[in-house]
Number of protein chains: 2
Amino acid sequence: MILSRACEYAVQALIYATSQRPERFLAVRDVALATRIPMAYLSKIIQRLVARGLLSSRKGPRGGVRLARLAGAIKVLDIVEAIDGLGFLNRCVIGHPRCSETHPCPLHDAWGPLRDEIQGLLARRSLGDLVRELRGRGLPGRRS
Amino acid sequence: MILSRACEYAVQALIYATSQRPERFLAVRDVALATRIPMAYLSKIIQRLVARGLLSSRKGPRGGVRLARLAGAIKVLDIVEAIDGLGFLNRCVIGHPRCSETHPCPLHDAWGPLRDEIQGLLARRSLGDLVRELRGRGLPGRRS
DNA sequence: GAAATAACGGACAACGGAGTCCATTATCTT
DNA sequence: AAGATAATGGACTCCGTTGTCCGTTATTTC
């Protein structure tokens, strides 16, 4: 598993938040119901997204959470960084403790470009892109 | 982390076994010392590699483990399959429960080729390749 | 101001991966 | 045959992730 389950949940929840009118505050409970993510756990994850500045929140009736920035300004990599951190992009594939550019493991050279592609993909795609992809499924002219 | 720690250990241990004279039986204890992997844990991992037919073992004095096939016939993907299974190659990146070709998640199309590249890399490289890479470092004519 | 609402935050339970310990079994050496 | 050696397999601990529960705090509505 490349991303933690919590991180997968975060992406799913943020996609849902983006797909609704981003102006409005959504109750965590509603996000949990819509995405079928365990509500109390999602609550923790969302707390973290709020702390990291991806979501803003409001307490009390008619409160909830909403995107803190425009959907186009939140990259998938931002979400991953907020939940999992970016360590998995630097870590040696076979866990060799001394793996580096000067002391590469036997998979290092072949893995490097792949790792860069993964990072690039996550860094390019924004929440806005993902929701547009969801809506425009099957239409010509998509980027990938 | 893309591979489990146990799987990383397995690759490291098998690389070491390949780098020694593959005819001889190596004591798990020696492999653990050379690779700095916790010995009792490595013992469990190696048991699994024996059960899966990647290593063969012999008990008693002068016993130990050695490659069950030629180093060129053991692909990195075989090791991953033996320890972690191949589930991570099928699993949706963002954990969407209904993600498939007909019901793709918004990252599905972009992720597919990347997943294939990862699988391809692991399926192409054998233990023999890795050890050759280790030995021939810096020489011209390497493949990657 | 009171009641309802919804995020916040801490404590805890459940689960699996990582790692240890030890008794057993098979094999080699003398 | 006896003792030493090394893998095998079971039970166990430790810890981070996943997930739950509940009281507190802030805010809105009436």
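The sequence lines fix the lettering, A, B, ..., with proteins before strands; numbering per chain opens at 1.
- With sequence neighbours excluded, the residues forming a side chain to side chain contact (heavy atoms under 4.5 Å, CB included) with B:Leu33 are B:Arg29, listed by chain and number.
- Residue pairs meeting the salt bridge (Lys or Arg N to Asp or Glu O under 4.0 Å) criterion with at least one partner in residues 11-21 of chain A, sequence neighbours excluded, are absent.
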In residues 42-51 of chain A, what donor-acceptor pairs under 3.5 Å come from side-chain atoms, sequence neighbours left out?
| unit_1 | atom_1 | unit_2 | atom_2 | d |
| --- | --- | --- | --- | --- |
| A:Arg48 | NE | A:Ala82 | O | 2.8 |

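- Taking 4.0 Å as the cutoff to heavy atoms of chain B, we find the contact window on DNA chain C bounded by C:dA18 to C:dT29.
- Contacts of B:Ser126 classified as side chain to side chain donor-acceptor pair (under 3.5 Å), with partners at least two apart in sequence or in another chain: B:Asp129.
- Every residue meeting the side chain to side chain contact (heavy atoms under 4.5 Å, CB included) condition with B:Thr18, not counting sequence neighbours, appears here in chain and number order: B:Leu67, B:Ala71, B:Leu127, B:Val131.
- Shown for residues 30-44 of chain B: residues whose heavy atoms fall under 4.0 angstrom of DNA chain C, namely B:Pro38, B:Ala40, B:Tyr41, B:Lys44.
- Evaluation of the side chain to side chain contact (heavy atoms under 4.5 Å, CB included) rule for A:Ala27 yields A:Asp30 as partners, not counting sequence neighbours.
- Residues from residues 1-24 of chain A with heavy atoms under 4.0 angstrom of DNA chain C: there are none.
- If you chain together hydrophobic residues whose side chains sit under 4.5 Å apart, A:Leu86 and B:Val93 fall into the same group.
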Can you give one letter per nucleotide of nucleotides 23-30 of chain D, 5' to 3': B if a protein heavy atom sits under 4.0 Å from the base, S if only from the sugar-phosphate, - if neither?
--BBBB--

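- For the side chain to side chain contact (heavy atoms under 4.5 Å, CB included) test, residues two or more places apart in sequence or in another chain that qualify with B:Arg69 are B:Leu54, B:Ala73, B:Ile74, B:Asp78.
- Contacts with DNA chain C (heavy atom under 4.0 Å) in residues 48-56 of chain A: A:Val50, listed by number.
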